[in-house]
Amino acid sequence: MTQLVVEGLHKSFGAFAVLHDLTFSIREGSIHSIIGPNGAGKTTLFNVITGLYPPTHGRVLFNGADITGRPAHALAALGISRTFQNLQIFLNMSALDNVLVGYHLSCRPRLLPSLFRWPAVVRRDHEYRQRAEQLMAFVGLSAFVGAEASAMPYGALKRLELARALAVQPKMLLLDEPAAGLNPKETGDLDTLIQRIAERGVTIVLVEHDMRLVWAVSNHILVLDEGRKLAEGTGAEVRHNPDVVAAYLGEGGRHR
Amino acid sequence: MWSPPTSAREAAIAEPLLNVAELSSGYGPVRALWDVSVRIEEGELVTLVGGNGAGKTTLLRTLSGLLPASAGTIRFAGEDITRLPAHLRARRGIVQVPEGRQVLAPMTVEDNLRLGGYARPQGEIGAALAEMYALFNDLRLRRRDIAGHLSGGQQQMLAIARGLMARPRVLLLDEPSMGLSPILVDEVFATVERLRASGTTIFLVEQNAYRALSIADRGYVLEAGRIILEGPAASLMVNDRVKEAYLGL
Amino acid sequence: MVDHRRKGTRGLVLLALIIVALPAVIPNAYIYDVVILIGINAIVCIGLNLLIGYAGQISLGHAGFFGLGAYASPLLSDRLDWPPALALLAAAMAVGLLSFAVAKPILKLRGHYLAMATLGLGIIISIVLNQEGQLTGGPDGMPVPPFSLLGQRAEGEATWYWIVGALLLATVWLTLNLVDSPVGRALRALHGSEVAAAVTGIDVLRYKIMVFVLSAVLASVAGSVYAHYAGFITPSEATFFRSIEFVTMVVLGGMASTFGALIGAALLTALPQVLTPLQDYQMLTFGAVLVGTMVFMPKGLVPSLAERLARHRR
Amino acid sequence: MSADLLQFLVAGVTVGACYGLVGVGFSIIYNASQVINFAQGEFVMIAGLGTTSLLAAGMPYAVAIALGVLITVLVGVALEALAIAPARQSSVVTLIIITVGASIFLRGAAELVWGRNFRSLPPFSGAEPIALGGAVIQPQSLWVLGGTAISVVLLSLFFAATRSGKAMLATACNPNVALLLGIDTRAVLRLSFAIAALLGGIAGVLIAPISLTYTDVGVMLGLKGFCAAILGGLGNPFGAVVGGLIVGVTEALTAGYLSSAYKDAVAFVMILVVLIVMPRGLFGAKAGERV
Amino acid sequence: EPIRLGAFLAVTGKAAFLGGPEKNTIELYVAKINEAGGIDGRPIALTVYDTGGQAKEALTYVKRLIEQDKVDVIIGGTSTGETMAVIKTVEEAGVPFVSLAGGQEIVEPVKRWVFKTPHTDRLAVDKIFYDMKARGLTRVGLLSGSGGFDKSCRDNVLALAPERGMVIVADETHGAGDTDVTAQLTKIRSAPGVQAFLYCGFGAPTSIVAKNFRQLGLTLPHYQTHGSASKTFIDGAEGAAEGVRLPAAALLVVDQLPPSHPQKQVASAYRDAYEARFKEPISTFGGHAYDALFIVVEAIKRAGRTDKETVRAEIERTTGFIGADGIFTMTPTDHLGLDPESFIMVEVKDGNWKMLQ
Ligand SMILES: Nc1ncnc2c1ncn2[C@@H]1O[C@H](COP(=O)(O)OP(=O)(O)OP(=O)(O)O)[C@@H](O)[C@H]1O
Ligand SMILES: Nc1ncnc2c1ncn2[C@@H]1O[C@H](COP(=O)(O)OP(=O)(O)OP(=O)(O)O)[C@@H](O)[C@H]1O
Ligand SMILES: [Mg+2]
Ligand SMILES: [Mg+2]
């Protein structure tokens with residue numbers, strides 16, 4: 001079943017068009033990779049899908065509902081969650097609190113109960129604290145449970161974002177270059193991690209330049225170039241597409 | 001690109017260009033580096049391999065002077081620079097391409113590049129700019145645009161180009177290939193090799209340890225803030241520990 | 001975090017003990033007065049700190065809300081003959097509504113632009129209080145009828161001490177609860193990164209508005225209490241200097257620290273009283289102390305001292 | 001155009017130019033550190049009062065002005081060295097509160113030196129008003145306008161076209177990167193305070209013949225200057241001047257046609273409306289933020 | 001055992017222009033009295049607090065004076081706001097208190113413990129209206145500042161005008177720290193049938209108003225208030241103050257007083273002492289403090305002790321006291337007791353004050 005449909009999507013900044021008439025769809029439960037040269041519009045596409053940028057025109061449908069132009073927090077409530085290429089960590093908080101923020105929607109915090117510290121609030125907070133710790137363990141951050149986010153190394157922050165995004169309990173998870181800053185060993189772990197998340201039924205949309213990861217996990221690949229669809233298909237199909245090789249993979253990328 | 005004056009060259013014979021001895025450093029009371037010793041000869045390409053949180057970035061920041069050394073010495077071209085302010089180190093030719101790009105977001109691409117050459121005679125800037133634009137076509141196309149609006153990879157190109165604009169004597173690269181498309185990764189590695197060929201000394205931190213080691217002369221392995229291994233790149237590549245932990249083999 | 005909570009509870013208990021014990025050592029009505037003023041300023045600062053320290057949104061106009069509370073409550077009780085307690089609540093509601101109405105457009109602004117907008121708002125309020133002499137007595141101010149609740153008149157410093165003390169304790173308690181709850185986390189989160197907060201489901205603008213209104217209401221209540229306590233009120237309570245003073249208290253005490261706000265308020269309220277022997281050098285010394293403190297404790301008193309203490313222990 | 005309207009406009013432009021000139025001082029320190037310098041008004045005060053003292057001591061007017069401005073620059077540099085530099089690793093808010101403290105300190109010091117009386121400086125070129133259509137303008141206003149124009153042009157050029165100007169901008173947006181580029185960020189900060197004090201000083205001597213001068217003169221001028229700088233878009237000297245002129249003219253027209261009691265309030269309402277429509281002021285630079 | 005005298009004044013802030021000379025005067029004369037052996041051998045222990053002109057500070061300092069410093073008498077409250085804010089506390093504590101502010105509400109209705117020395121703002125306005133009427137001017141364009149002094153003056157102008165047969169044809173305001181008022185003056189210029197101009201305010205704006213007035217070439221008779229009664233106003237206006245009229249205490253023109261004038265001696269002695277010590281021209285504000293201090297001192301002398309009720313009663317019994325502001329005769333129903341005649345009109349002539357008849 002298709003989960004996300006992008007229809008005739010167009011996005012420009014001033015006179016500068018970044019996405020041109022883009023149409024594609026993503027199947028529920030799949031791992032759908034989006035690749036393409038730097039500046040092709042991948043992150044912009046994510047920004048539009050997650051409600052951070054309104055599209056110039058075109059539509060985005062999620063589970064059949066038109067979500068175009070809805071605010072980001074509303075989309076999160078529908079089950080769309082993401083990580084960022086330029087880390088967006090709450091640096092003023094601890095690592096654990098970063099993840100706990102991810103549970104915001106599940107907590108449904110209300111002002112009065114919070115002000116008066118109703119027992120239910122305390123109880124639930126305790127519960128989410130444990131879940132957050134489990135989640136940190138799941139992404140391999142057990143060592144950082146007590147750490148301040150501002151004191152963590154880059155690679156750990158990437159996983160912290162992933163944990164936070166998972167805490168939102170998404171139906172669809174958009175990952176923007178999760179492997180950047182990880183070494184091959186760590187990327188290998190990430191590979192497993194992504195598969196495990198997908199196994200839980202979460203649709204994954206992956207933007208990544210690390211081809212080893214892309215080839216390893218993707219069910220389907222969309223190639224963007226200058227805001228247009230350049231190619232689409234399985235890994236094998238895309239990999240040997242001469243346009244893709246010329247625009248993006250180069251000789252090195254093809255073989256990795 | 002750059003050839004040192006003879007006196008400096010003589011000094012360099014006695015001592016490596018960059019000589020880091022027993023260096024410790026960290027963040028306030030938290031120590032992140034312990035007795036790190038690194039020697040980089042003039043014209044060498046040395047790579048630093050290490051896992052997430054090993055302290056690679058911390059080492060580079062300490063070398064550049066953004067973090068104070070709590071113990072040990074840093075000598076550069078025969079001079080003790082352990083206490084030298086960061087901007088003077090940059091003017092001596094120690095140039096860093098920082099992790100996470102760190103472009104000057106509200107300024108234009110071209111302003112970013114020109115500032116890269118801040119410490120250089122202004123007459124040379126024009127030619128250097130042209131060189132960078134030839135290397136990174138995207139930057140040429142976007143040169144009047146605001147750097148902060150570029151895509152992640154474009155910003156990474158800008159960070160590298162900005163570093164090169166300074167015509168470094170030793171270039172500290174902190175994960176330069178991060179976020180670049182495969183084609184551009186090839187391009188960046190090719191550039192690094194070219195720079196080395198033209199005499200620039202390079203200290204490369206790179207997650208893609210395999211490729212880094214394949215072009216490097218020598219390498220160091222950093223774990224938990226300590227150097228645990230060092231040697232010729234070729235020998236590190238076949239080291240079991242390196243293979244398992246960093247090459248993902 | 002759990003540790004944080006425990007610290008907060010400990011602080012709360014300590015504060016309660018201090019409030020209960022203090023009268024034993026307060027020699028006269030003057031010292032009571034200073035302590036009461038500290039309490040009133042602290043209530044404003046604790047609220048303001050939610051906005052500035054936790055949510056990261058600056059306001060240079062909170063004296064305006066303080067002033068509105070200070071004027072509205074006596075005006076309602078005096079002119080309309082409402083019971084003062086009701087007037088106080090109505091004033092707080094009115095300020096809440098006003099701040100709610102302006103919050104939406106204003107809180108979309110950032111940084112210094114937000115500072116300017118709130119500053120302008122505060123100044124507009126203070127101009128109105130100054131100019132509408134018929135209602136407010138103009139710059140020379142107006143007398144305020146005493147406060148009474150259920151036929152009991154609140155008079156004398158000792159009585160007000162307990163009222164303000166209780167209010168302060170309640171404010172601290174509620175604030176600590178809030179800060180330590182998912183709501184407080186959401187506030188800190190949008191401070192850290194608005195986009196990240198948004199994609200995790202936090203309605204950023206709504207939370208900003210909420211905390212803005214909350215802090216405005218606290219300022220208004222503090223203002224009403226002040227007016228009834230002092231028995232006289234002038235528009236200088238609503239000027240932008242006063243707003244800056246509140247912000248200075250928050251920053252001096254330490255941002256994102258409830259007890260910091262309290263201590264900042266205490267210090268800056270008491271300091272002029274301590275400096276009086278310096279006579280003509282008073283203002284100069286005040287400025288120098290402020291600069292010196294911020295230079296040597298850039299994170300503010302409480303966080304800087306806590307850090308030093310922690311380092312010492314290690 | 002009626003003579004009254006013309007006179008209102010003249011009044012507005014005169015006042016607005018003063019605001020703008022003070023506002024320009026804010027942009028430079030902002031551009032080097034993102035700090036709003038609450039002591040900017042005190043630079044204006046020190047130059048004005050300093051010059052009156054020097055004049056009273058028998059110095060020729062031009063020398064007194066030059067020294068008065070020089071003293072202000074020294075104060076600016078001292079402020080940077082003693083209060084800002086030691087705390088430059090701190091957050092912007094902390095630095096701003098330091099400037100608040102500095103402003104109080106400087107006023108306290110000025111009161112000790114100059115007392116509480118207001119003083120005046122003679123106009124540079126006579127007090128004979130100049131007729132302008134049906135309106136009149138003080139010659140000193142032309143000096144203010146001229147001074148404002150020259151400052152803004154020089155400053156705009158500085159930021160747009162010089163290496164030091166760009167270095168200053170780089171320092172504000174990321175001091176660590178600036179260091180990596182070889183920029184002496186301390187020197188940049190010092191320079192920014194020197195230039196800001198210089199501008200404040202120039203404003204002080206230009207405005208004093210109009211506004212008179214006293215220890216608190218900088219408070220309101222500083223506030224209005226801040227409004228001008230924000231309205232025009234922080235960091236843009238040209239914007240600060242335009243902002244100042246708009247505030248001045250709004251005030252004058254409100255006083256003339258609506259209500260002088262609420263002229264300041266109307267000006268603030270106008271600023272609020274502009275900001276709501278244009279959240280970075282009239283000519284504010286883009287933040288360059290994206291995700 | 002010293003006599004404890006407390007003062008709270010606006011030494012800094014907007015009203016510092018008033019509070020400064022007040023503080024100077026009190027300190028000067030307390031020192032003189034103490035040098036001369038005090039009152040009945042008891043020195044005066046003076047405590048001065050700076051309120052910055054803020055009512056809130058005033059209240060705290062008054063509590064401090066009463067509770068902590070245990071003063072016998074309080075002088076102060078540079079502004080009406082500061083004074084009004086502390087009246088309740090002073091009355092409850094029962095401490096004799098002499099205010100230096102202009103508002104008549106301070107002593108009307110009479111409060112048991114509260115006195116004041118300056119002429120009321122209403123009296124000043126009345127003087128001005130009287131002078132205008134004598135010149136056949138009845139249509140007045142008014143400009144006032146935004147401070148307490150300015151507004152109180154304005155309120156009196158508006159309130160008194162109908163009674164005195166005056167018409168206020170323009171009522172304009174300027175803000176604190178404004179550097180130019182030509183817009184307001186332009187508007188006043190074109191007010192229908194305007195015959196005279198009156199400015200209510202003090203400090204630098206007084207000179208700015210005069211300058212702008214001349215710049216616009218206005219020829220209306222120009223009045224200001226006792227807020228401008230300082231040489232600084234004339235100097236600051238740089239010639240533009242010529243012809244400005246205002247009501248002031250005789251102190252201002254002490255040299256022009258006839259030798260027979262009862263205040264001549266007192267006022268010139270005060271002027272000489274002040275100017276010699278502080279090297280700045282006197283203002284009439286310092287005079288208020290002079291009067292307050294000596295009314296208190298005389299009362300204590302008469303009482304021979306400092307118990308509060310006796311001192312209060314003696315202050316109330318002040319009769320024919322010759323001060324800088326005029327001659328005071330207080331009664332239980334008049335806690336100002338100032339002879340309106342001692343308030344005179346002066347005009348600026350040749351860069352100096354000229355007494356009018
Ligand atoms: N600002 C900071 N404050 C305190 N500790 C820090 C800070 N930054 C880094 N650290 C700590 O220093 C250690 C080294 O971090 P560093 O960033 O140098 O690692 P790295 O090798 O560059 O890792 P990565 O591959 O993720 O970039 C880590 O344990 C990290 O937690
Ligand atoms: N807010 C913005 N303002 C102006 N231009 C923008 C903005 N956001 C993106 N762009 C431009 O849109 C283009 C696409 O950017 P985007 O970040 O989507 O690329 P990308 O495919 O994610 O690239 P990368 O692989 O390098 O991350 C770039 O040329 C970028 O400069
Ligand atoms: Mg991207
Ligand atoms: Mg790193």
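The analysis underlying the following values was restricted to heavy atoms, covering all of them including side chains, and did not include hydrogens, waters or symmetry mates. So you know, we letter chains A, B, ... as the sequences are listed, proteins then strands, and number each from 1.
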Pair B:Thr47-B:Glu206, side-chain donor/acceptor within less than 3.5 Å: no
Can you tell me which portion of A:Phe16 sits under 4.5 Å from chain B's heavy atoms? Options are side chain, backbone, both or neither. side chain
With rounding to the nearest 0.5 angstrom, report the CG to CE distance, B:Leu213 to B:Met237. 5.5 Å
Using heavy atoms and a sub-4.5 Å threshold, report which of residues 35-48 of chain A line up against chain B, by residue number. A:Pro37, A:Asn38, A:Gly39
Most contact-rich option vs chain A, by heavy-atom pairs under 4.5 angstrom, among B:Ser177, B:Gly153, B:Ala32, is B:Gly153
Side chain, backbone, both or neither: which part of B:Leu184 has a heavy atom under 4.5 Å from chain A? side chain
Find the distance between CG (B:Leu33) and OG (B:Ser25) and round it off to the nearest 0.5 Å. 5.0 Å
For B:Arg162 and B:Val95, run side chain to side chain contact (heavy atoms under 4.5 Å, CB included): C-alpha distance rounded to whole Å, both residues' side-chain angles, the deciding distance at 0.1 Å, then the answer. CA-CA 10 Å; B:Arg162 186 181 64 193; B:Val95 171; over 6 Å; no
Hey, what do you get for NE2 (B:His149) to CZ (B:Arg142), rounding to the nearest 0.5 Å? 9.5 Å
Highest number of heavy-atom pairs under 4.5 Å with chain A: which of B:Gly51, B:Ala245, B:Gly53, B:Ser181? B:Ser181
Could you have a look at A:Asn86, A:Asp176, A:Asp210 and say which one has the most heavy-atom pairs with chain B under 4.5 angstrom? A:Asn86
Under 4.5 Å from any heavy atom of chain B - which part of A:Ala143: neither
Aromatic plane relationship, B:Phe203 with B:Tyr220 - under 30° parallel, 30 to 60° tilted, over 60° perpendicular: perpendicular
What pairs of residues pass the side-chain hydrogen bond (donor to acceptor under 3.5 Å, both in side chains) test when at least one of them lies in residues 133-157 of chain A, not counting sequence neighbours? none
Could you grab the distance from atom CZ of B:Arg89 to atom CD1 of B:Ile74, nearest 0.5 Å is fine? 4.5 Å
Tell me, side chain or backbone of B:Gln154 under 4.5 Å from chain A's heavy atoms, or both, or neither? both
Note, B:Leu172 side chain near B:Ser64 side chain (heavy atom, < 4.5 Å): yes
Measure the shortest side-chain to side-chain distance between B:Arg241 and B:Val221 over non-hydrogen atoms and say whether it is less than 4.5 angstrom. no
Taking side chain to side chain donor-acceptor pair (under 3.5 Å) as the test, write out the residues that go with B:Asn239, two or more places apart. none
Tell me which of these, B:Gly100, B:Gly152, B:Ala54, B:Gly50, has more heavy-atom pairs under 4.5 Å with chain A than the rest. B:Gly152
Would you mind telling me which of A:Ala151, A:Ala247, A:Pro153 has the largest number of heavy-atom pairs within less than 4.5 Å of chain B? A:Pro153
With rounding to the nearest 0.5 Å, note down the distance linking CG in A:Asp21 to NE2 in A:His57. 8.0 Å
Per-residue contacts, residues 182-197 of chain A versus chain B, heavy atoms under 4.5 Å: A:Leu182, A:Asn183, A:Pro184, A:Lys185, A:Glu186
Backbone N or O of A:Val60 within a donor-acceptor pair of the A:Thr68 side chain at under 3.5 Å? yes
So A:Ile49 and A:Val205, do their side chains get closer than 4.5 Å, heavy atoms only? no
Quick check for you: among B:Leu180, B:Thr57, B:Asp138, which has the greatest number of heavy-atom pairs under 4.5 Å with chain A? B:Leu180
